[in-house]
Amino acid sequence: RYPDGKRRLIILEFQAQHDETMILRVLLYWVLVALKVFKLRRKLVFPRTYVLYIGKRRLTMRDRLRWKGRLFFRTTIVDVRRVPYQNFLALEHPAQVLFAVLAGNISNPRAVYVEVVQKVKRLTESDPGALRLYLRRLLEFSRLRNMQDAMLSIIEDYEIPMTEAEIQADPLYKQGVDFGERRGREEGERRGRE
């Protein structure tokens, strides 16, 4: 739910490496989510799709598909490293503010993380459950920048009750760790063959 009171269905895909088939994967997600919502509500809802690119290479992936010369599907690709973190901090939805920790122009990550935690805490002050949810996501994002220890200490400094066990119990966290370990092994094997 946005500050204007409207609910919007959004699909976010994080992409750390170039993948020319990414647009097809996002289209598949779009179709599956639209069908799921239709089954649940008997109403066709078309989600918005965003790909947040956090890789180091220059972004060249396609953001649209054409069929018989006509635009068939389009997603929005945001190269997060090129967006100043202040732009994310200025937003008013906690889920969007979190992206500030993924920006690429951060000279003092800990200070930015403190700002993010403060803003998320302010935006969720009436809902402690939401605060915990967003802080778990923030920890996941901080792992993408190898800053999880700093983030945990900031959360502790603010005395927000959150345990490492609670974080690790999150299925998305576990999936992310498994995926990262698998990607690391594959990358190591590829470099070993070169």
Side-chain angles (χ1 to χ4, degrees), residues 1-2 4 6-91 93-106 133-134 136-146 170-191 193-194:
R1 185 180 298 276
Y2 277 69
D4 63 7
K6 291 185 180 177
R7 288 183 176 269
R8 294 179 177 91
L9 190 58
I10 294 175
I11 299 171
L12 286 176
E13 169 73 1
F14 286 92
Q15 189 69 26
Q17 298 179 2
H18 268 261
D19 180 357
E20 294 305 320
T21 65
M22 177 277 310
I23 187 72
L24 298 173
R25 191 169 64 247
V26 173
L27 173 60
L28 176 62
Y29 298 158
W30 183 83
V31 169
L32 292 173
V33 169
L35 289 173
K36 178 90 171 176
V37 171
F38 180 74
K39 284 182 181 178
L40 293 173
R41 300 186 184 159
R42 296 285 181 229
K43 180 180 178 187
L44 199 53
V45 175
F46 298 108
R48 297 178 183 183
T49 61
Y50 296 89
V51 176
L52 300 180
Y53 179 65
I54 58 173
K56 293 181 180 176
R57 283 182 46 198
R58 192 170 68 81
L59 178 64
T60 60
M61 292 183 293
R62 295 185 333 174
D63 65 349
R64 61 194 72 191
L65 288 173
R66 295 190 177 278
W67 188 56
K68 294 186 177 181
R70 292 180 172 231
L71 182 64
F72 174 68
F73 178 74
R74 182 178 181 185
T75 189
T76 300
I77 302 178
V78 178
D79 188 345
V80 177
R81 287 181 180 264
R82 298 197 187 284
V83 178
Y85 74 88
Q86 297 90 341
N87 290 14
F88 292 115
L89 276 174
L91 299 170
H93 195 287
Q96 296 169 326
V97 172
L98 302 181
F99 300 133
V101 302
L102 298 174
N105 65 329
I106 299 175
L133 170 74
Y134 291 122
R136 280 198 304 270
R137 297 297 166 255
L138 194 53
L139 277 164
E140 292 166 11
F141 291 175
S142 69
R143 285 191 178 275
L144 296 172
R145 295 288 186 250
N146 294 319
D170 189 311
L172 289 176
Y173 171 86
K174 178 74 172 123
Q175 286 176 356
V177 170
D178 291 346
F179 178 76
E181 289 173 354
R182 190 171 55 252
R183 272 288 172 99
R185 281 193 303 274
E186 290 170 359
E187 182 68 19
E189 290 170 3
R190 186 184 65 76
R191 286 185 181 168
R193 288 190 299 266
E194 290 178 351

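Residue Ile106 holds its CD1 atom at 9.5 Å from CZ of Arg81, rounded to the nearest 0.5 Å. Separation of atoms CZ (Arg82) and CG (Asn87) is listed at 14.5 Å; rounding is to 0.5 Å. Here Ile10 contributes atom CD1 and His93 contributes atom NE2; the two are 8.0 Å apart, rounded to the nearest 0.5 Å. In this structure, NZ on Lys56 lies 11.0 Å from CD on Gln17, to the nearest 0.5 angstrom. Note: Leu27 CG to Arg64 CZ = 14.5 Å, rounded to the nearest 0.5 Å. Here the CZ atom belonging to Arg48 is positioned 13.0 Å from the CZ atom belonging to Arg74, to the nearest 0.5 angstrom.
Contact check for Met22 versus Ile77: side-chain heavy atoms found under the 4.5 Å cut-off. Side-chain contact check for Val51 versus Val26: some heavy-atom pair is nearer than 4.5 Å. Between Ile11 and Pro47 the shortest side-chain heavy-atom distance falls below 4.5 Å. Val97 places none of its side-chain heavy atoms less than 4.5 Å from the side chain of Tyr134. Between Thr49 and Glu13, every side-chain heavy-atom pair lies at or beyond the 4.5 Å cut-off.
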Evaluate side-chain contact (heavy atoms from CB on, under 4.5 Å) for Val83 paired with Asp79, printing each intermediate quantity in order.
CA-CA 7 Å; Val83 178; Asp79 188 345; over 6 Å; no
Worked verdict on Val33 versus Leu9 for side-chain contact (heavy atoms from CB on, under 4.5 Å)
CA-CA 9 Å; Val33 169; Leu9 190 58; 3.6 Å; yes
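Summarising the geometry of Leu98 relative to Phe141, their closest heavy-atom pair is CB-CE1, 3.6 Å, with the distance given to 0.1 Å. The minimum heavy-atom distance between Ile54 and Leu102, with the atom names listed, is CG2-CD1, 4.2 Å.
The pair Arg137-Glu140 meets the salt-bridge criterion, since a charged nitrogen lies less than 4.0 angstrom from a carboxylate oxygen.
Ring-plane geometry between Phe88 and Phe99 is classed as perpendicular, the angle between the planes exceeding 60 degrees on a 0 to 90 degree scale with a lower cut at 30. Aromatic ring orientation, Phe46 versus Trp30: parallel (interplanar angle below 30°, classes split at 30° and 60°).
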